[in-house]
Amino acid sequence: MSRIPHTCSLLLLLCCVLYDIAGAQTKDASATAESGRQRLTPAQWREDLRFAVDTFLARDRSFSPEARQQFRTAIAELQRTVEGKTDDQIIVELAKAVALAGNAHTRLYLLRNRSELRRYPIRVWWFADGLYVVRATPEYSELLGARILRIAGRNVEQVKQQVVPLFAGNASWRTYMSAYTMTSPDVLIGLGLIAADGIAEIEFTNRHGKKGKRRLEPLPLRKTDQPTESWWDLCPTRPRDDGSWLSALSLDAARLPLYLQNTERQYWSQYLQTERLFYIQFDRSGNAPTGPSLSEFGKRALTELQSAAVNKIVVDVRFNTGGDLSIGRPFINQLTAFAKEHQIKVYVITGRATFSAGIFHAMQLRQNANAILVGEPIGDVLEIWSEGGNLLTPNSRLSLHYADRLHSYSPLERPEFKQYLVTDTDLSITNATPDILVRMSAGDYFAGRDLALEAIKRASK
């Protein structure tokens with residue numbers, strides 16, 4: 001075995017020391033916050049904020065002139081104060097600035113269409129009587145079915161009012177989105193509601209009426225570009241790919257109400273012979289990745305309708321958050337024509353997650369089939385800026401969605417937006433409010449009741 005000369009040994013030792021120093025400096029430069037995200041320097045954040053104005057704002061068409069100036073002002077203030085803010089605070093303020101558009105499709109993606117922030121080991125849903133835990137990890141199983149009263153010492157309604165400005169939209173959509181943001185420690189940190197460790201104490205009343213407290217500790221960041229929907233957490237049989245989760249709904253699959261039975265399928269139908277009712281659940285406007293296309297499903301459904309004695313057709317879009325309306329439109333048109341020809345009453349079940357193309361299909365049926373709307377108010381308004389695309393900020397790699405085409409389902413004339421107007425929707429709806437307003441309580445959910453479908457069954461032909 002050869003020996004290295006003494007001088008060479010010293011040089012080698014010096015190189016190792018320099019390498020260790022350089023490695024430590026590199027490690028410091030890419031250090032991550034407790035959230036699991038890479039920390040950014042003020043200079044990097046300023047570059048991202050300039051990108052939001054110069055690139056994102058330049059492409060989005062939904063901002064009014066006043067809102068556009070408000071956005072510029074908000075970003076300029078954020079630029080000025082960036083040294084004194086944490087990453088979580090900057091993200092929250094950027095989301096609020098984007099929401100100034102007042103358009104629900106214009107957004108900073110945080111937790112729904114992709115996951116950029118951490119969450120707690122519980123999932124929640126707003127029922128008519130409060131905020132309840134509908135899913136939890138095994139370590140927090142005692143919270144299943146509990147009503148949350150306070151988060152970090154604040155009433156849940158107060159916390160909701162703190163998080164709703166992060167996303168634009170009507171009251172229904174903001175309620176839907178709050179189920180994500182209220183269960184994100186990074187959002188609560190950014191809003192100054194909890195300490196930097198992300199731990200939040202909640203006060204709750206359990207299923208037996210007993211009050212209690214529990215500290216929630218953040219789950220590790222699970223960054224993904226795959227969408228997730230809050231309504232999935234209502235569905236106990238829906239598979240998850242993010243670990244073991246328990247459901248608060250103890251009913252077995254055979255006893256689940258129809259709206260919770262096959263939610264992994266984008267569309268399906270069932271004939272209820274006793275009620276002479278044909279039920280269609282339509283959760284996504286587009287072709288499913290496996291199984292029959294929407295067109296093929298539509299043909300089968302229409303064939304079954306022709307051979308069945310049907311008094312009512314129910315189209316359930318309470319969970320339809322959108323997709324490609326051009327794919328769903330032909331089937332809805334065919335269904336409308338069939339109902340009119342055979343004088344069959346059509347009902348549409350809507351909810352806070354009825355959004356984008358889901359709204360279009362509900363309004364198709366309302367206008368062309370004189371459908372009765374049942375359920376909760378839809379998750380947006382009748383003039384929707386959408387389409388557009390996603391833009392990644394240079395350093396944080398956060399995704400900003402801009403909207404540049406106007407879908408108008410109302411009778412309002414918009415000549416000023418003629419070049420951006422989607423003209424093939426051909427709808428003129430003056431009112432999207434449910435004809436039969438139904439708000440489900442937590443007790444109804446846990447008992448496996450579907451008040452919307454029950455109301456339709458009771459309705460006259």
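Every value quoted in this text rests on a predicted model; they were computed, and no experiment measured them. Numbering starts at 1 and runs along the sequence shown.
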Run the salt bridge (Lys or Arg N to Asp or Glu O under 4.0 Å) test on E203 and R214 for me, step by step, so that the C-alpha distance in whole Å, both residues' side-chain angles and the decisive distance to 0.1 Å come before the verdict. CA-CA 7 Å; E203 299 175 36; R214 181 71 194 266; over 6 Å; no
Steps toward side-chain contact (heavy atoms from CB on, under 4.5 Å) verdict (I349, V315): CA-CA 6 Å; I349 301 178; V315 182; over 6 Å; no
Step-by-step side-chain contact (heavy atoms from CB on, under 4.5 Å) determination, T263 to R265: CA-CA 5 Å; T263 57; R265 296 160 65 179; over 6 Å; no
With side-chain hydrogen bond (donor to acceptor under 3.5 Å, both in side chains) as the criterion, how do T393 and S396 come out once you've worked through the C-alpha distance, each side chain's angles and the decisive distance to 0.1 Å? CA-CA 6 Å; T393 54; S396 61; 2.7 Å; yes
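The pair R37-E116 does not count as a salt bridge, with every side-chain nitrogen at least 4.0 angstrom from each carboxylate oxygen. A salt bridge links D450 with R318: at least one charged nitrogen is closer than 4.0 Å to a carboxylate oxygen. A salt bridge does not link R68 to E66: none of the charged side-chain nitrogens sits closer than 4.0 Å to a carboxylate oxygen. Using a cut-off of 4.0 Å between Lys/Arg side-chain N and Asp/Glu carboxylate O, R61 and D404 are scored as not salt-bridged.
Every pair passing side-chain hydrogen bond (donor to acceptor under 3.5 Å, both in side chains) that includes a residue from residues 149-169 is listed here, sequence neighbours excluded: K160-T175. Within the structure, side-chain hydrogen bond (donor to acceptor under 3.5 Å, both in side chains) contacts touching residues 354-380 (residues at least two apart or in different chains) are H105-S356, S285-H361, N333-Q364, R352-E376, H361-Q364, R366-D435.
Heavy atoms only, all atoms of each residue included: Q261 and T237 are closest at O-OG1, 4.2 Å. Here the closest heavy-atom approach between residue A432 and residue L373 is recorded as O-CD1, 3.6 Å. Taking every heavy atom of both residues into account, V438 and A455 meet most closely at CG2-CB, 4.4 Å. Across every non-hydrogen atom of P185 and G198, the tightest pair is CB-O, 3.6 Å. The heavy-atom pair separating A369 from V346 by the smallest distance is CB-CG2, 4.1 Å. Of all the heavy atoms in L219 and P121, the pair that sits closest is CD1-CA, 3.8 Å.
Annotation: side chain to side chain donor-acceptor pair (under 3.5 Å) contacts of E454 (sequence neighbours excluded): R449. Listed by chain and number, the residues in a side-chain contact (heavy atoms from CB on, under 4.5 Å) with K210 are N206 (sequence neighbours excluded). In terms of the side chain to side chain donor-acceptor pair (under 3.5 Å) criterion, D283 has no residue partners (sequence neighbours excluded). Legend: residues meeting ring-ring contact (aromatic ring centres under 6.0 Å, His included) with W385, ordered by chain and number and at least two apart, are F417.
A distance-only check finds no donor-acceptor pair linking the side chain of T81 to the backbone of G84 [under 3.5 Å]. Proximity of a side-chain donor or acceptor of E217 to a complementary backbone N or O of I199 within less than 3.5 Å is not detected. Side-chain N or O atoms of S178 include none that pairs as donor or acceptor with a backbone N or O of M182 at under 3.5 Å. A donor-acceptor pair under 3.5 Å is absent between the side-chain atoms of D48 and the main chain of L392, judged by distance alone. Looking only at distances, no side-chain donor or acceptor of S410 sits under 3.5 Å from a matching main-chain atom of I429. Side-chain atoms of T224 do not come within 3.5 Å of backbone N or O of S115 as any donor-acceptor pair. K457 places no side-chain N or O within 3.5 Å of a backbone atom of E275 that could act as its donor or acceptor partner. One N or O on the side chain of D186 and one on the backbone of R118 form a donor-acceptor pair closer than 3.5 Å. With S141 contributing its side chain and P138 its backbone, the two residues share a donor-acceptor pair below 3.5 Å. The closest donor-acceptor contact from the side chain of H407 to the backbone of I384 lies at 3.5 Å or more, if one exists at all.
Taking the centre of each ring, W173 and F167 stay at or above the 6.0 Å mark. Ring-centre distance between W268 and Y279: below the 6.0 Å cut-off. Checked against a 6.0 Å centroid threshold, the rings of Y132 and Y445 do not count as neighbours.
A donor atom on one side chain and an acceptor atom on the other are found under 3.5 Å apart for T137 and E139. A donor atom on one side chain and an acceptor atom on the other are not found under 3.5 Å apart for R114 and Y109. A side-chain donor from one of R119 and T183 sits under 3.5 Å from a side-chain acceptor of the other. Under 3.5 Å, the side chains of W125 and S230 contain no donor-acceptor pair of N or O atoms. Side chains of T321 and E229: a donor on one and an acceptor on the other come within 3.5 Å. Under 3.5 Å, the side chains of D60 and S62 contain a donor-acceptor pair of N or O atoms. A donor and an acceptor atom, one from each side chain of S326 and D324, are located under 3.5 Å apart.
Of the options L108, N390, L57, a side-chain contact (heavy atoms from CB on, under 4.5 Å) to L400 is made by L108 and by none of the others.
Residues L191 and K96 are in side-chain contact: their nearest non-hydrogen atoms beyond the backbone lie under 4.5 Å apart.
Annotation: cation-pi geometry not satisfied between R147 and F204 (NZ/CZ under 6.0 angstrom from ring centroid, within 45° of ring axis). A cation-pi arrangement is not found for R284 relative to Y267, the charged atom failing to lie both closer than 6.0 Å to the ring centre and inside a 45° cone about the ring normal. A cation-pi arrangement, defined by a distance under 6.0 Å to the six-membered ring centre and an angle within 45 degrees of its axis, is present between R238 and W232.
For N431, the CG atom is densely surrounded, since the number of other residues' heavy atoms within 6.0 Å is greater than 12. The neighbour count for K223 NZ, taken as heavy atoms of other residues, nucleotides or ligands under 6.0 Å away, is above 12.
Using a 30° and 60° split on the angle between ring planes, F331 and F282 fall in the perpendicular class, above 60°.
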